[in-house]
Amino acid sequence: MSPMFLVSILILTFIFHPALANNNLETYIVHLSLPEDRFFEQSESLESWYHSFLPRQDPPRIVHTYRHVINGFAAKLTPRELEEIEKKDGFLYARREEYSSLHTTRTPTFLGLNQNNGPWTSPASFGKGVIIGVLDTGITPSHPSFDDKAFPSSRRWKGKCEFNKKACNNKLIGARSFVDTNPPFDDDGHGTHTASTAAGNFVPGANLFGQANGTASGLAPLAHLAIYKGILVSSSAGNDGPKLNSAINEAPWMLTVGASTTDRKIVGVAKLGNRDEIEGVTLGHPNFPSTMLPLVNEGEAESKGKIVLYETPGSYLTDLEEYYKEAGAAALILMNVDYEGYTALVFRKAVLPTLSVSYFDGEKIRAYINSTSKPAVTVSFKGTFVGDKTAPAVASFSSRGPNSASPGILKPDIIGPGADIIAAWNESLDHGNPGFYIDSGTSMSCPHLSGVAALIKSAHPDWSPAMIKSAIMTTATQFNLNQDPILDQRQNLPADIFAIGAGHANPSLAMNPGLVYDIPSRDYISYLCSLYDENQVAVIVQENINCNGSEYHSLPEAELNYPSFAVELGRKSLSYSRTVTNVGNAKSTYNVKIENVPGVNMVVEPTVLVFTNVNQKMTYKVSFNRQDFTKNGSEYVQGAIAWISANHKVRIPVSVKMVNT
Ligand SMILES: *[C@@H]1O[C@H](CO)[C@@H](O)[C@H](O)[C@H]1NC(C)=O
Ligand SMILES: *[C@@H]1O[C@H](CO)[C@@H](O)[C@H](O)[C@H]1NC(C)=O
Ligand SMILES: *[C@@H]1O[C@H](CO)[C@@H](O)[C@H](O)[C@H]1NC(C)=O
Ligand SMILES: *[C@@H]1O[C@H](CO)[C@@H](O)[C@H](O)[C@H]1NC(C)=O
Ligand SMILES: *[C@@H]1O[C@H](CO)[C@@H](O)[C@H](O)[C@H]1NC(C)=O
């Protein structure tokens, strides 16, 4: 087992600060291949070899040197200097830095975690002993979510802490910055939020302006945290939904997480002059009068003393709120834009009383304003409610498949809570101490899944990342609390496979999945061999690879033992195999159940799997035959394959693209 298990790792990124930009200097990550006849026993000699690639300059151009995952360095270079470096022996590949955006407590309970049943009661509960690595904007080490009362030290840990010694502890065991030489304090809040969602301690009385009050905790509150400020990519699916093909972080070794709603709502109601009531979400406002006030569209009339209806994507509007406060507006109703459909998110800064409503509800309010000469409205703030049975639903911002980089791998893999999530923050916005904040995005759903992965890892320390991911995916649900299909808030129609992947995570079931689809790391390299030439594979793997040898070969995407299918089907029938490993009872029998793919005849052989041992592997074959040729071009249909035993349902989703070949 590797010293640190990086649980699918989280989140975001953006690399270095733009302030470093100096006219035509740009930051490049330069990959090098170490000369075979040279050994670098000391890191200084490796660094001086790195420096030999660079012009002598003051201040030095090097931003970061890499030693573990890649060989090479990051440096600020002009295009001419880069050309010089490319000519040198040992140069492999250079990549310009990219900026990625930040994809931005009730959820443990909503996910079925409580202290009376489920994963939180098992012997290795709460993620004990597991280390979760978080790549984000840093952390607020003084937050009680990260104190270490009752934490033993992690003896496996060998990493660094760049805070002074007191700030790191047995909970927060490591912290590094790849941005600059300052300690990785969170000057944004995002990293504190995501780290506490994955593994924050129990902190009673967590709330924001009194709302969403409860005991905050991460999904794996006894896991240790190692924080990396700055660099690299995560596995949140992105916030560019509902556009198709908008998912990022699509590699098969990542668990790519979309975002869904929870059953908690902080409710406000707009009662229109025609007595229609429109429900929205809000942080509320103490002492807001529930009297009729004049209602206007944004920009159409003076706003003093009135309630203003404003259309804005994602309820993001910091400057506007200040503007209306200056203008003397009484309150704002923020409506989302058309492609956001039925999603409504709490507007977080709350300088003015603010109610957020969905696009469709906003349209109703607009129609009412149009219908009368003196539109008026009462806004009342109702507080926090739990039990919304339409949850989970896919938030419209959650990025969607299909996978553009690797079409044979279905993405996203899974959805988890990512709308209006309260978690620790870098400062207090409501004079409460400590600070909490409500945020939304796949950055919020991703650490939920990292927490779930940590729970599974602590119960099954010998499981590979692929087994853990399989357990999460094959036990996911496709139904909401009403037992209806999970809806996509874009139109409140059943969500498709490109919105939910395998479905909504169910941590209790994932602890004991029955069967898993494992993938040895060797197969990921063979998969890379099918996508890239050997030089490119060497850059990624940091090792020379023979893609046509005894160890590695070219493994097509669809043949990776992935817990889903994404196939392209023309006239020619296709056949693939999958291997399942028995991690349930030694003696168990599974029968196949096929959820039909319209227009495709999908046949599974054998139809029964009889296991007699734990860890026994069995392989089955799936063939796909087109039945329907009336469809033109690229249309997608979906279904699933499930293996059912007395105690388990092991389901994988299937996506088929119909093509004219
Ligand atoms: C917390 O983050 C916000 C941005 O979200 C930033 O403006 C503020 O300065 C940060 N506070 C601290 C104490 O770092
Ligand atoms: C939050 O809940 C706790 C425990 O139920 C209670 O003591 C506290 O007063 C509540 N805080 C607010 C702001 O409602
Ligand atoms: C309101 O009236 C304007 C102007 O007549 C029109 O363009 C708009 O479509 C109307 N909106 C609604 C929601 O009825
Ligand atoms: C792979 O190796 C086999 C035999 O070792 C050879 O016949 C085949 O042509 C090679 N394929 C490629 C793509 O190089
Ligand atoms: C499919 O393509 C054929 C010719 O390529 C065309 O005649 C037919 O109208 C198309 N059908 C549909 C449903 O677009």
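Order of listing sets the numbers, starting from 1, for every ligand and every atom in it. Because the structure is a prediction, the values reported are computed rather than measured.
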Check whether any protein heavy atom sits under 4.0 Å from [atom].
atom	result
atom 4 (C) of ligand 2	no
atom 7 (O) of ligand 2	no
atom 14 (O) of ligand 2	yes
atom 11 (N) of ligand 2	yes

(message) Using a 4.0 Å cut-off to any heavy atom of Asn207, which atoms of ligand 2 qualify?
(response)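 That gives atoms 13 (C) of ligand 2.
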
(request) Would you mind listing which atoms of ligand 2 come within a distance below 4.0 Å of any non-hydrogen atom of Asn213? (result)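 Once the distances to Asn213 are compared, the set is 1 (C), 2 (O), 3 (C), 8 (C), 10 (C), 11 (N), 12 (C), 14 (O).
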
(message) Strictly below 4.0 Å, N to O, side chains only: are Arg96 and Glu26 in salt-bridge contact?
(response)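 A salt bridge is present here (some side-chain N lies under 4.0 Å from a carboxylate O).
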
(message) Regarding Asp338 and Arg490, does a basic nitrogen lie under 4.0 Å from an acidic carboxylate oxygen?
(response)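 Salt bridge flag = no for Arg490 with Asp338.
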
(request) Determine whether the side chain, the backbone, both or neither of Asp186 has a heavy atom under 4.0 Å from any heavy atom of ligand 1. (result)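 For Asp186, only backbone atoms sit under 4.0 Å from ligand 1.
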
(message) So that I know where these two stand, are Phe185 and Phe163 an aromatic pair - ring centroids less than 6.0 Å apart?
(response)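 Yes: the rings meet the under 6.0 Å criterion.
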
(request) Please find out if less than 6.0 Å separates the ring center of His190 from that of Tyr437. (result)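 So the answer is no for these two rings.
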
(message) Which of the numbered atoms in ligand 1 are under 4.0 angstrom from any heavy atom belonging to Asn426?
(response)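 That gives atoms 1 (C), 2 (O), 3 (C), 8 (C), 10 (C), 11 (N), 12 (C), 14 (O) of ligand 1.
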
(request) Would you check if there is a donor-acceptor pair between the side chains of Glu340 and Ser396 at a distance under 3.5 Å? (result)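 Judged by distance alone, the side chains do not pair up.
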
(message) For Thr194 and Ser443, which I'm curious about, is there any donor-acceptor pair between the side chains at under 3.5 Å?
(response)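 Short answer, no.
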
(request) Could you check if a side-chain atom of Ile266 sits within less than 4.5 angstrom of a side-chain atom of Asp420, using non-hydrogen atoms only? (result)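 No, side chains not in contact.
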
(message) Quick check: Glu427 and ligand 1, any N/O pair under 3.5 Å apart?
(response)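 Yes; the residue has a nitrogen or oxygen that sits under 3.5 Å from a nitrogen or oxygen of the ligand.
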
